[in-house]
Amino acid sequence: MSNGTLQAVFIDRDGTLGGTGHFIHPRDFELYPGVEQALAQLKEAGLKLFAFTNQHRISRGQATEGEFGRQFAGYGFDQAYICPHSSEELCLCRKPGTAMLEQAADEHGLDLRRCAVIGDVGSTDMLAAAKVGAVKVLVRTGWGEQSLGEYRHTWAETEPDYVAQDLPKAASWLLRHYQTGRGLE
């Protein structure tokens, strides 16, 4: 990472922020313990926070981008990047595609090599991060254990930079290992 200064963190929703790793409507979604505090610590350190999530249920009419957007704004995210497409639609934004990351970089003037991705799925979150040179942090919540075990072959060519027990531990690791925007000109 150039000069060791982190600019932003992209965070997956299902299985990373809370839930089960499966779709849960925003009105019924619950954060894991300590997540609100971890998000606040990242923001206080001067980092931009972006939600980074595949939500194909939007294309099925089971939720709206607006409902997700309001949920993420309520958690303190600077912006939400949401792929509403099903895997059959062959879009460029669906993780492990990088269009959501690239759009955020364009809109916010980010160097993606100075950003981190925190997620629970190796074959989507970690592969997308690897493609753009971002710091890769896998959490063991949600699908994390399966990503490290029975599904490891689906992303075998990529190694996470860190494996955290959960999002609060991932945030702590980032804050210990990288400079942030706090106090920088």
Side-chain angles (χ1 to χ4, degrees), residues 1-2 5-19 23-32 34-59 62-86 89 91-121 124-139 141-142 167-168 170-171 174-175 178-182 184:
M1 172 178 303
S2 61
T5 303
L6 206 57
Q7 295 177 318
V9 182
F10 292 85
I11 303 174
D12 173 60
R13 176 185 179 259
D14 300 308
T16 303
L17 290 172
F23 171 78
I24 296 174
H25 194 280
R27 73 176 162 266
D28 301 320
F29 190 80
E30 293 184 24
L31 295 175
Y32 293 136
V35 165
E36 282 184 282
Q37 298 88 334
L39 295 175
Q41 289 170 338
L42 292 168
K43 293 280 289 184
E44 288 166 13
L47 294 167
K48 292 225 176 262
L49 291 184
F50 300 109
F52 172 56
T53 183
N54 290 342
Q55 293 296 338
H56 72 277
R57 301 295 179 106
I58 292 170
S59 68
Q62 295 174 316
T64 67
E65 279 192 64
E67 289 169 319
F68 283 101
R70 286 187 293 280
Q71 176 187 46
F72 292 125
Y75 297 155
F77 282 88
D78 292 288
Q79 192 164 341
Y81 292 92
I82 303 165
C83 171
H85 308 108
S86 71
E89 291 182 71
C91 65
L92 299 175
C93 54
R94 186 172 182 77
K95 297 182 285 183
T98 58
M100 290 188 287
L101 295 168
E102 292 161 359
Q103 180 183 352
D106 289 344
E107 292 175 356
H108 297 276
L110 301 172
D111 176 350
L112 292 171
R113 295 166 301 173
R114 293 175 56 200
C115 295
V117 170
I118 302 173
D120 67 320
V121 180
T124 59
D125 304 315
M126 296 302 102
L127 289 182
K131 288 177 186 177
V132 299
V135 176
K136 305 168 296 299
V137 181
L138 184 82
V139 292
T141 52
L167 181 65
L174 285 172
L175 293 173
Y178 294 95
Q179 286 183 302
T180 62
R182 180 179 44 211
L184 299 179

Counterpart residues, side chain to side chain donor-acceptor pair (under 3.5 Å), relative to [X] (two or more places apart):
X      : answer
Asp120 : Thr16
Lys43  : Asp78
Thr141 : none
Lys136 : Asp161

Report the residues that fulfil side-chain contact (heavy atoms from CB on, under 4.5 Å) with [X], sequence neighbours left out, ordered by chain and then residue number.
X      : result
Asp106 : none
Glu89  : Ser59, His85, Ser86
Arg57  : Phe23, Arg60, Gln62
Pro168 : Val35, Ala38, Asp166

Working to the nearest 0.5 angstrom, can you tell me the gap between Leu39 CG and Tyr75 OH?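 Separation between the atoms: 9.5 Å.
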If I take atom NZ from residue Lys48 and atom CG from residue Leu42, how far apart are they, to the nearest 0.5 angstrom?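 Here the interatomic distance stands at 13.5 Å.
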Would you check if the side chain of [X] reaches a backbone N or O of [Y] as a donor-acceptor pair within less than 3.5 Å?
X      : Y      : answer
Arg113 : Gly133 : no
Asn54  : Lys95  : yes
Tyr32  : Gly19  : yes
Gln7   : Leu47  : no
Asp125 : Val121 : yes

Within the 4.5 Å heavy-atom criterion, are [X] and [Y] side-chain neighbours or not?
X      : Y      : value
Ile118 : Phe52  : no
His56  : Pro84  : no
Asp12  : Val139 : no
Gln55  : Asp14  : yes
Tyr178 : Val135 : yes
Phe10  : Val132 : no

Donor-acceptor pairs are to be reported for all side-chain atoms of residues 97-104 against protein atoms at under 3.5 Å, with residues two or more places apart or in another chain.
unit_1, atom_1, unit_2, atom_2, d
Thr98, OG1, Glu102, OE2, 2.7
Gln103, NE2, Glu107, OE2, 2.8

Under the ring pair (Phe, Tyr, Trp, His ring centres under 6.0 Å) rule, collect the residues that match up with His108, sequence neighbours excluded. Phe50
side-chain contact (heavy atoms from CB on, under 4.5 Å) between Val137 and Leu174: does it pass, once the steps are laid out? CA-CA 9 Å; Val137 181; Leu174 285 172; 4.2 Å; yes
Within 6.0 Å of CG in Leu92, more than 12 heavy atoms from elsewhere: no
When you look at CD of Gln37, are more than 12 heavy atoms from neighbouring residues, nucleotides or ligands closer to it than 6.0 Å?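 Yes, because the 6.0 Å sphere around CD of Gln37 holds more than 12 heavy atoms from other groups.
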Can you name the closest pair of heavy atoms from [X] and [Y] and give their distance?
X      : Y      : result
Ala105 : Leu112 : CB-CG, 3.8 Å
Arg114 : Thr5   : NE-O, 3.0 Å
Ala116 : Leu6   : N-CD1, 4.0 Å

Going by the salt bridge (Lys or Arg N to Asp or Glu O under 4.0 Å) test, which pairs reach into residues 64-77, not counting sequence neighbours?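 Found none.
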With under 30° as parallel and over 60° as perpendicular, where do the rings of Phe72 and Phe77 fit, or are they tilted in between?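 Phe72 and Phe77: perpendicular rings.
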Would you check if there is a donor-acceptor pair between the side chains of Gln71 and Arg13 at a distance under 3.5 Å?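 There is such a pair (donor and acceptor under 3.5 Å, judged by atom type) between the side chains of Arg13 and Gln71.
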